[in-house]
2 protein chains.
Amino acid sequence: MTNKDARTPASAQTSDEVSADGEAGKSIGWHKAYVEGTRSDLRVPVRQVHLTNGRSVTLYDTSGPYTDPLVETDVRRGLPPLRENWVIARGDTEEYAGRPVRPEDDGIKHTSPRGGLRNLDAVFPGRPRLPRRGRDGQAVTQLAYARRGEITPEMEYVAIRENVEPEVVREEIAAGRAVLPANVNHPEIEPMIIGKRFLVKVNANIGNSAVTSSIEEEVEKMTWATRWGATRSWTCPPAATSTPPASGCCATPPVPIGTVPLYQALEKVDGRAEELTWEIYKDTVIEQAEQGVDYMTVHAGVRLPYVPLTANRKTGIVSRGGSIMAAWCLAHHKESFLYENFEELCEILAAYDVTYSLGDGLRPGSIADANDEAQFAELRTLGELNRIAKRFHVQTMIEGPGHVPMHKIKENIDLQQEICDEAPFYTLGPLTTDVAPAYDHITSGIGAAMIAWWGTAMLCYVTPKEHLGLPNRDDVKTGVITYKIAAHAADLAKGHPGAQEWDDALSDARFEFRWEDQFNLALDPDTAREFHDETLPAEPAKTAHFCSMCGPKFCSMKISHDIRREHGGSRAEVEEGMAQKSKEFAAAGNRVYLPIAD
Amino acid sequence: MTNKDARTPASAQTSDEVSADGEAGKSIGWHKAYVEGTRSDLRVPVRQVHLTNGRSVTLYDTSGPYTDPLVETDVRRGLPPLRENWVIARGDTEEYAGRPVRPEDDGIKHTSPRGGLRNLDAVFPGRPRLPRRGRDGQAVTQLAYARRGEITPEMEYVAIRENVEPEVVREEIAAGRAVLPANVNHPEIEPMIIGKRFLVKVNANIGNSAVTSSIEEEVEKMTWATRWGATRSWTCPPAATSTPPASGCCATPPVPIGTVPLYQALEKVDGRAEELTWEIYKDTVIEQAEQGVDYMTVHAGVRLPYVPLTANRKTGIVSRGGSIMAAWCLAHHKESFLYENFEELCEILAAYDVTYSLGDGLRPGSIADANDEAQFAELRTLGELNRIAKRFHVQTMIEGPGHVPMHKIKENIDLQQEICDEAPFYTLGPLTTDVAPAYDHITSGIGAAMIAWWGTAMLCYVTPKEHLGLPNRDDVKTGVITYKIAAHAADLAKGHPGAQEWDDALSDARFEFRWEDQFNLALDPDTAREFHDETLPAEPAKTAHFCSMCGPKFCSMKISHDIRREHGGSRAEVEEGMAQKSKEFAAAGNRVYLPIAD
């Protein structure tokens with residue numbers, strides 16, 4: 001179904017309209033639909049849930065073409081380059097030969113612990129595509145367009161997704177309060193926006209590790225993560241292989257892709273931090289920018305004088321990028337090459353419209369280290385770097401902690417917003433206690449919900465395996481769903497337009513015992529259905545006016561219905577009737593109601 | 001080990017002392033220890049975790065004698081009546097014949113849907129014990145003692161558990177800001193205290209259902225819940241059987257037991273709410289008080305005039321007790337018999353030292369209904385009832401919501417504290433969104449952590465099965481652990497003395513790669529170990545200075561250690577050395593450090 005007239009709401013919209021392929025009163029689950037913008041190639045996907053009462057609810061959809069039965073997808077092939085014409089039509093970018101592939105791109109050793117980890121061409125038979133970059137002197141970023149007062153198709157796209165006017169999107173980007181990460185080399189992207197005036201986004205870290213896991217497994221996990229609602233995906237391979245799933249030549253996700261170029265650069269010097277150079281780093285950034293990475297984490301705030309500030313910490317430096325840069329600084333007794341060459345880096349990122357994610361290399365790794373001098377010293381530098389990036393029209397967001405007890409969370413967002421001119425805050429958790437390894441999705445989901453309510457624009461998920469091991473598919477799902485809960489709870493608390501309609505639709509279904517609708521509206525329909533069926537598996541239980549918890553007789557909701565039935569008809573009638581009784585009652589003491597049976 | 005001299009701290013205490021049965025440097029896990037008070041029969045259990053570095057950490061222990069290898073326990077037998085002598089010695093209670101058992105005690109039908117659900121004598125071969133109650137005119141409650149300035153052994157016990165002076169406990173109880181629920185007929189209890197100045201407590205609802213599950217299964221779950229840290233257990237059988245695991249005659253838990261007498265009373269009239277009478281209810285309360293129930297949920301705040309206020313709600317009345325009372329009020333067009341007979345009820349509860357848990361029968365069941373007129377009207381009545389209860393020296397806490405979005409949570413606790421003279425607040429969640437059935441332990445864990453930080457004294461857990469089905473053992477564990485996280489996060493945020501020592505001990509172990517210590521200190525050691533082993537199962541990995549996430553080379557913590565090693569010896573030396581360097585650096589610009597290799 002394509003709905004040409006209606007804007008989809010930010011989070012949820014209920015509608016009386018029965019979809020073309022749906023029948024009122026029959027459970028047909030949900031399907032993927034599109035909302036068209038002002039041009040025919042601008043179609044925004046939505047998840048349309050069909051209720052058994054004939055209504056439908058429209059939800060934000062992150063799952064990409066994978067969930068569209070009309071689009072043939074293969075994890076080994078790229079997605080259609082929907083956005084290519086928009087980029088070309090602007091006429092300010094050009095194709096070029098691109099940086100030649102070099103042997104060290106895969107790391108000095110060429111082989112990984114498990115062998116051949118990065119034989120990308122064999123794994124992903126892609127089509128060749130020349131990289132693209134801004135023509136000399138052209139400011140090609142979404143920030144540059146926004147500042148010039150121009151609404152790009154990307155901005156219109158996210159406006160439809162968020163149910164706001166395109167002008168709001170443009171304004172927020174122009175002010176630096178929001179970013180729309182979309183590398184000109186990532187045409188497969190379904191644009192999304194990150195900023196406190198918009199829906200809170202969730203980032204899923206996916207990436208293979210030096211010890212275990214393959215690229216195919218990780219791409220599978222990424223697709224899985226977007227299925228469950230990850231709005232961003234961060235390919236974050238910690239060690240042996242660090243190349244992002246490159247645009248065109250391998251499985252490109254429909255969501256923005258972020259990397260930490262430092263990891264791949266480190267491979268190129270066989271893991272010896274002190275051998276890193278600005279030239280190697282810069283070359284890696286260009287390599288990844290050509291491959292379509294939408295945003296890069298850059299730990300340029302880890303400055304030499306801050307390293308000693310971590311000496312009396314309980315857990316030192318826990319950011320991998322932070323520790324690498326600290327090691328480099330100390331080994332050479334020099335200021336960070338990222339900090340010193342930051343302006344040149346801005347020029348490179350600007351040419352591809354890569355967004356900065358200024359990393360918090362000195363974030364606290366324990367409750368004891370939260371909000372300390374090292375952390376806030378780095379934050380002040382990130383504020384300085386944010387202003388430099390903006391001079392180059394580079395979109396910028398700021399990364400945040402980490403491990404922070406609840407009473408110290410608000411200071412983080414307040415200070416970040418002040419120091420960084422309201423640039424979008426992007427936080428990991430924070431974890432609100434250290435005592436629950438294996439449950440850090442929960443320790444951090446608590447902090448994530450709170451900090452998002454107070455203004456954080458994007459949350460980096462944490463899985464149950466945090467601190468313990470590599471997440472598997474189930475862990476990724478648990479992490480994503482926990483963080484979708486945190487994000488949506490924050491959307492509700494911020495009063496985001498449309499956010500509560502989703503809750504209301506589910507609550508209505510619950511009160512009216514429409515079990516199938518409850519399942520279909522749930523963040524995780526499969527598990528909700530499975531849990532229900534565990535106790536009451538039979539099909540009639542799906543329409544029963546009770547559940548296994550209270551049994552048929554003592555269900556409070558059933559009693560509520562009985563009360564309404566006995567004291568009026570429709571909800572409105574009951575309300576009126578009971579209000580009237582209430583007035584009589586108040587007017588005449590406690591004995592106004594005449595006993596029925598007497 | 002019995003430590004006669006040291007008070008155990010509230011949450012955690014690290015000590016250099018190597019325990020009698022432990023060897024420094026060897027992983028020996030943990031064991032149950034006792035801290036003795038001023039009398040030899042006052043021994044407070046603690047969980048002592050032995051670290052591989054020779055230190056130990058002492059944690060609050062809720063698991064009861066079940067985890068003491070020296071105590072023979074059987075789920076079908078009662079626990080030793082540790083507290084019996086304290087009660088007898090006070091001389092203000094007396095044994096009496098007790099209320100005769102009546103056929104309707106098990107419900108009119110005598111049989112449950114699955115048959116024989118409540119053949120307690122067959123399931124639990126117990127020893128006979130006469131019930132006990134206050135002698136005429138004697139005020140036997142902990143509140144009465146506290147008001148008279150007397151510190152009971154129960155108060156001393158909880159003071160040791162909470163690491164505060166006994167006088168603090170007495171003061172808080174006397175002021176009504178804390179309750180120490182301990183029925184004179186529950187001598188097996190390990191006393192605990194509920195109040196905002198103390199550790200946040202967690203309540204686990206356990207109870208069999210009309211549709212499925214047996215008493216044995218539920219008692220098993222209860223033991224399981226206390227193993228994982230439930231500080232309270234609420235036997236809350238919704239329908240067919242409602243009798244608590246009675247003291248002496250069946251498996252009595254070491255934690256306080258709460259019930260909703262209304263449920264059993266309703267059975268006695270075969271589930272017909274309108275046939276309930278004050279006499280039947282009162283008789284049930286006496287029956288359960290004789291059996292040792294420590295606190296009872298009483299929905300006396302659901303008054304007739306409030307019922308119409310629920311008519312325009314999205315989800316009506318969702319409290320079972322609330323809906324039963326509402327149905328009764330409307331059927332008779334009379335004020336609630338609980339409200340009208342509240343003073344007589346106070347007299348009964350006072351005689352056994354049963355604590356009130358004034359139920360929130362009109363709590364919101366959806367985000368849409370949060371903080372509405374119905375909810376707050378009832379809260380004002382609970383404030384009124386709280387003052388009445390205090391006149392009778394009945395300890396009282398107040399129950400709270402429910403479903404509340406984050407931005408409306410604080411109003412709940414602030415209003416409750418104001419209206420109810422700071423009586424302990426005891427909340428269910430609150431759930432911060434409705435859209436995630438199957439994950440409501442998480443939607444509610446977020447709200448629980450926040451409201452506990454702001455002053456809620458006890459949290460009622462929610463399991464993943466909430467809204468969907470009956471929790472099994474795993475669900476109970478997940479619910480308890482999620483809520484222990486919320487409670488501890490709140491303890492940290494409140495700055496509870498000793499709370500952070502636990503986090504610090506675990507963070508130290510993490511930074512020093514003491515994997516076994518991390519597992520043993522974890523809230524759930526089994527799962528933490530299992531998750532770690534999933535990726536790196538071999539024994540050497542337990543001492544490895546890296547984990548599967550980063551691999552051996554790029555571990556940030558390892559790099560932190562390298563930095564410290566290269567730039568000093570001990571942590572203090574590194575700090576001093578680096579601080580000196582930092583000063584030099586600041587004094588001479590950015591090039592102070594001389595390159596090592598040059």
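Here is how names work: the chains are called A, B, and so on, in the same order as the sequence lines, proteins then strands, and each is numbered from 1. Just so you know, these numbers use all the heavy atoms, side chains as well, and skip hydrogens, waters and symmetry mates. For clarity, every value in this text was computed on a predicted model and none was experimentally measured.
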Plane angle bin for Trp515(B) and Phe519(B) - parallel if under 30°, tilted between 30 and 60°, otherwise perpendicular: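 The rings of Phe519(B) and Trp515(B) sit tilted, inter-plane angle from 30° to 60°.
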First locate atom CD1 of Ile446(A), then atom OG1 of Thr433(A), and finally report the distance between them rounded to the nearest 0.5 Å.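 Separation between the atoms: 9.0 Å.
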Measuring from Ile442(A):CD1 to Leu431(A):CG, what's the distance to the nearest 0.5 Å?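 Rounded to the nearest 0.5 Å, the CD1-CG separation comes to 11.5 Å.
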Contact part of [X] toward chain A, heavy-atom cut-off under 4.5 Å: side chain, backbone, both or neither?
| X | value |
| --- | --- |
| Leu492(B) | both |
| Leu506(B) | side chain |
| Thr432(B) | both |
| Ala490(B) | both |

Any salt bridge between Glu534(A) and Lys465(B), counting N to O under 4.0 Å?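 A salt bridge links Glu534(A) with Lys465(B).
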Minimal non-hydrogen separation, Ala331(A) against Glu274(A), with atom names: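 Reported closest heavy-atom pair: CB-CB, 3.8 Å.
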Among Pro405(A), Ala493(A), Ala489(A), which residue has the highest count of heavy-atom pairs closer than 4.5 Å to chain B?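 Of the candidates given, the most pairs with chain B belong to Ala493(A).
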Most contacts with chain B, counted as non-hydrogen pairs under 4.5 angstrom, among Ala448(A), Pro464(A), Gly365(A):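 The residue among Ala448(A), Pro464(A), Gly365(A) with the greatest pair count is Pro464(A).
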Determine whether a donor-acceptor pair (N or O, by modelled atom type, separation under 3.5 Å) exists between the side chain of Asn472(A) and the backbone of Asp475(A).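 Here the side-chain-to-backbone pair exists.
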I'd like to know which of Gly445(B), Ala522(B), Gly447(B), Ala438(B) tops the heavy-atom pair count under 4.5 Å against chain A.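 Option with the top pair count is Ala438(B).
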